[in-house]
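Would you mind keeping the following structure in view while I ask a few things?
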Amino acid sequence: MATSRPTRRLYALFGLISTLVGMGVGHLTASLLTPDSSPVLAVGSGVIDRTPVSLKEWAIKNFESDGFSIGPIDFAARNYDKIVLVGSVFVGVLVLALVAGLLARRSFALGAGLLVVLVAVAAGAVLTRPIVEPLDVVPSILTALAGVGALWWLQRTALGLPLDPRARSSVEVAKAEGARAAAADRTGEPTVDRLSEGHVDAPADADTRPSRRGVLVVAAVLTASAAVLGGAGRWIIGLRGRPEDIALPEPTAGGALKPLPEGLEARIKGITPLQVANGDFYRVDTRLDTPVVSSDDWTLTVDGDVENELTITFEELLDMPMVERDITLTCVSNSVGGKYVGGARWLGVPLMDILDKAGIGRGADQMIATDFDGMTIGTPIDLLRDGREPLLCVGMNGEPLPREHGFPVRVVVPGLYGFISATKWVTRLTMTTYADTESYWTERSWDTRAPIKPSARIDTPRALTTVDAGKVNVGGVAWAQDNGGVMKVQVKVDGGDWADAQLGPDVNNVYWRQWFREIEVEGGQHTISARVVDGDGELQTDVKAAPFPGGSSGIHSFFFTAAS
Ligand SMILES: Nc1nc2c(c(=O)[nH]1)N[C@H]1C(S)=C(S)[C@@H](COP(=O)(O)O)O[C@H]1N2
Ligand SMILES: [Mo]
């Protein structure tokens with residue numbers, strides 16, 4: 001009396017459920033240890049690290065967005081590219097999970113083997129991060145055990161077999177019970193209740209056929225557990241990531257700034273605010289999660305080619321002279337007209353104060369900044385020294401750095417793209433040479449010397465939208481942090497001449513400048529363009545360049561429609 005073999009579809013589902021259970025268990029365990037040891041996060045980050053520049057650029061360009069939400073999850077104007085990259089990998093993993101289920105139908109060992117291989121790849125991603133601790137392997141191991149265990153449970157239930165392979169199957173048990181009952185019948189012994197229910201006499205398969213309901217119950221229990229475990233992991237990671245309540249020091253005498261003047265956003269609808277709120281500030285980094293670095297544990301070490309290696313604590317840093325500076329950060333991945341740029345007020349210690357204390361060796365030409373997780377960013381030392389005033393920041397717009405933006409300490413260097421300067425969660429500054437040391441992005445062939453290119457962005461009207469014909473305010477922001485600031489912004493409508501825009505408040509040369517110009521348009525389609533003239537009177541280039549390898553260039557220009 002053969003038990004009917006569950007269908008392929010059911011087995012594919014088993015593979016999927018087992019994989020989700022494994023992920024849930026691994027993620028929850030990692031949330032209790034270090035989130036970075038989560039196989040799920042590690043695979044995601046591994047993919048980001050290994051994605052070819054061209055694909056990443058394509059993703060960044062095509063999946064840039066103002067922010068949107070899916071159900072309860074908000075996606076701000078950031079990380080959307082990552083969601084697409086990682087989402088595709090996730091789908092790939094789930095397809096492999098289905099395959100593992102199908103394989104298990106042929107042989108349990110095969111299906112379980114594929115699950116283990118999948119986890120091994122994830123473990124590889126966990127263990128090849130720059131900084132690894134022995135315990136980091138635990139979530140991967142538990143992922144594999146939970147995944148294989150779930151698959152086993154599902155399969156055994158579906159086949160009506162006991163979970164313990166040494167135990168007799170329910171088929172055998174039933175047979176034996178049947179035999180015993182029959183014997184009891186003959187001897188007139190009192191029989192077990194089951195007999196009176198007719199179990200023994202019923203066709204054998206009614207008793208021993210795997211219960212469909214049993215399978216569904218196990219599947220439902222496991223799926224729910226996967227969701228609960230994964231959700232608990234997320235929740236714990238979130239709890240651990242709550243902002244720390246630290247008191248920011250006041251800027252030292254002479255280091256404080258007056259409040260910013262009112263920006264053009266108060267008058268011209270659609271222009272980016274002069275100062276971008278922390279919650280709206282663009283975020284670009286290689287991470288999927290939000291790193292949680294505690295200020296108590298934080299230290300900064302200055303080493304490499306220095307006269308005196310030194311290490312300071314967060315408290316010691318807060319006791320050093322603090323200055324406030326308005327600086328506009330820009331990402332090298334920003335395409336012309338893109339969103340990866342933002343102005344904020346930073347509070348920090350002048351970086352050269354610390355480097356001078358350590359005494360940079362004569363031979364050093366590169367500062368390698370390392371973050372808490374071993375990610376590295378290299379900055380040319382001559383550019384740190386040319387008077388641009390790099391900062392080791394602890395505050396952003398009057399608040400401690402948000403975790404997304406580098407809590408407790410990050411570097412900010414005016415005029416240089418973030419990928420060669422603005423190290424978040426920084427813990428080490430090593431004086432070295434370009435000949436000796438590579439950093440994360442230069443290993444991926446991005447430039448080593450990358451001053452921010454001057455650019456103007458049109459914020460309003462928005463590309464491809466329709467506005468009322470007649471008077472239209474064209475406005476936006478422009479920047480030239482490494483070129484003496486913004487002297488002029490010019491606007492061109494259709495085939496007309498370039499005309500000067502009115503400029504917003506002049507904050508400083510390393511800050512962006514808002515601008516607008518009122519134009520008059522008839523109904524129909526129009527092209528608008530904007531360009532910037534830098535502090536040296538130099539007109540920005542109109543030569544188009546992609547972000548890779550040293551920043552985009554060209555003129556921001558697009559269509560809009562005026563309706564009459
Ligand atoms: N540790 C770390 N710091 C980092 C990065 C990163 O991936 N890891 N990305 C850099 C890049 S490319 C940019 S543009 C800026 C962005 O800073 P923001 O996210 O605060 O806007 O951070 C820089 N600092
Ligand atoms: Mo960047």
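We count ligands from 1, going down the list as the structure has it; atoms in each ligand are counted the same way.
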For atom 1 (N) of ligand 1, what's the nearest protein heavy atom and its distance?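 Among all protein heavy atoms, the one nearest atom 1 (N) of ligand 1 is Asp371 OD2, 2.9 Å.
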With a 4.0 Å heavy-atom cut-off (strictly under), which part of Met375 contacts ligand 1: side chain, backbone, both or neither?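 Only the side chain of Met375 comes within reach of ligand 1.
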Distance from atom 21 (O) of ligand 1 to nearest protein heavy atom, with residue and atom: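 So the nearest neighbour among protein heavy atoms is Tyr282 O, 2.7 Å.
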Quick one: does Thr330 get an N or O within less than 3.5 Å of an N or O on ligand 1?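 No, Thr330 has no N/O under 3.5 Å of an N/O on ligand 1.
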Which of the numbered atoms in ligand 1 are under 4.0 angstrom from any heavy atom belonging to Thr423?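 Listed by number with element: 3 (N), 24 (N).
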Atoms of ligand 1 less than 4.0 Å from Cys331 heavy atoms?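 Every atom of ligand 1 under 4.0 Å from some heavy atom of Cys331: 14 (S).
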Check Tyr340 against ligand 1 and report side chain, backbone, both or neither, counting heavy atoms closer than 4.0 Å.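 Answer for Tyr340: neither.
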Side chains of Glu389 and Val323: does their closest heavy-atom pair fall under 4.5 Å?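 Yes - at least one pair of side-chain heavy atoms lies under 4.5 Å apart.
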In terms of side-chain heavy atoms, does Thr272 have a donor or acceptor partner in Arg457 at a distance below 3.5 Å?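 Per modelled atom types, Thr272 and Arg457 side chains form a pair under 3.5 Å.
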Contact partition for Tyr440 relative to ligand 1, non-hydrogen atoms under 4.0 Å: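 It is neither part, as no heavy atom is under 4.0 Å.
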Looking only at the side chains, is there a donor atom on one of Thr541 and Ser553 sitting less than 3.5 Å from an acceptor on the other?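 Distance-only check fails for Thr541 and Ser553.
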Could you list the atoms of ligand 1 found under 4.0 angstrom from a heavy atom of Phe419?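 Result: 11 (C), 12 (S).
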Identify which of Leu329, Val284, Ile420, Asp285 has a heavy atom lying nearest to atom 10 (C) of ligand 1.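 Among Leu329, Val284, Ile420, Asp285, the closest heavy atom to atom 10 (C) of ligand 1 belongs to Val284.
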Numbering the atoms of ligand 1 from 1, which are under 4.0 Å from a heavy atom of Phe281?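 So the answer, numbered in order with elements, is 21 (O).
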Are a donor atom and an acceptor atom from the side chains of Asp303 and Thr430 found within less than 3.5 Å of each other?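 Asp303 vs Thr430: donor-acceptor pair found between side chains.
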Under 3.5 Å, is there a donor-acceptor pair linking the side chains of Thr311 and Thr301?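 Their side chains do contain a donor-acceptor pair, which is all the 3.5 Å distance test asks for.
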Close side-chain approach of Val138 and Leu33, heavy atoms under 4.5 Å: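 Yes, side chains in contact.
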Should the pair Phe314 and Phe407 be assigned to parallel (<30°), tilted (30 to 60°) or perpendicular (>60°) ring geometry?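 Answer is tilted, since the angle falls between 30° and 60°.
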Identify the protein heavy atom lying closest to atom 3 (N) of ligand 1, giving its residue, its atom name and the separation to 0.1 Å.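 Nearest neighbour among protein heavy atoms for atom 3 (N) of ligand 1, to 0.1 Å: Lys424 N, 2.9 Å.
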Does a donor on one side chain sit under 3.5 Å from an acceptor on the other, for Thr376 and Ser439?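 No - no donor-acceptor pair under 3.5 Å links their side chains.
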Just distances here: any N/O of Trp441 and N/O of ligand 1 closer than 3.5 Å?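 Among all N and O atoms of Trp441, none is under 3.5 Å from an N or O of ligand 1.
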Of the side chain and backbone of Asp373, name the one, both, or neither that has a heavy atom under 4.0 Å from an atom of ligand 1.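 Within the 4.0 Å criterion, Asp373 makes no contact with ligand 1.
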Tell me whether Asp447 is salt-bridged to Arg449, with the criterion being a basic N under 4.0 Å from an acidic carboxylate O.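 No, no charged N to carboxylate O under 4.0 Å.
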So that I can tick it off, tell me whether Asp386 and Arg388 are bridged by a salt bridge, with the cut-off set at under 4.0 angstrom between side-chain N and carboxylate O.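 Salt bridge present between Arg388 and Asp386.
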Would you mind telling me which of Asp534, Thr330, Asn508 makes a side chain to side chain donor-acceptor pair (under 3.5 Å) with Gln481?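 Of the listed options, the one satisfying the test is Thr330.
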Any chance the side chains of Asn397 and Gln275 put a donor and an acceptor closer than 3.5 Å?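 The answer is yes; a qualifying pair exists.
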Pick one of side chain, backbone, both or neither for how Thr286 approaches ligand 1, counting any non-hydrogen atom pair under 4.0 Å.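 It is both backbone and side chain that touch ligand 1.
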Among all protein heavy atoms, pick the one closest to atom 17 (O) of ligand 1 and tell me residue, atom and distance.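 Among all protein heavy atoms, the one nearest atom 17 (O) of ligand 1 is Arg410 NH2, 3.0 Å.
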Which ligand 1 atoms are under 4.0 Å away from a heavy-atom of Trp425?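 Close to Trp425: 1 (N), 2 (C), 8 (N).
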N or O pair under 3.5 Å between Ala422 and ligand 1: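 Ala422 vs ligand 1: N/O contact under 3.5 Å present.
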Closest by any non-hydrogen atom to atom 18 (P) of ligand 1: pick that one out of Arg287, His405, Glu404, Met396.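 Nearest option to atom 18 (P) of ligand 1, by heavy atoms: His405.
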Out of all atoms in ligand 1, which are within 4.0 Å of some heavy atom of Ile377? Include the element for each.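 Going through ligand 1 atom by atom, the ones under 4.0 Å from Ile377 are 3 (N), 4 (C), 24 (N).
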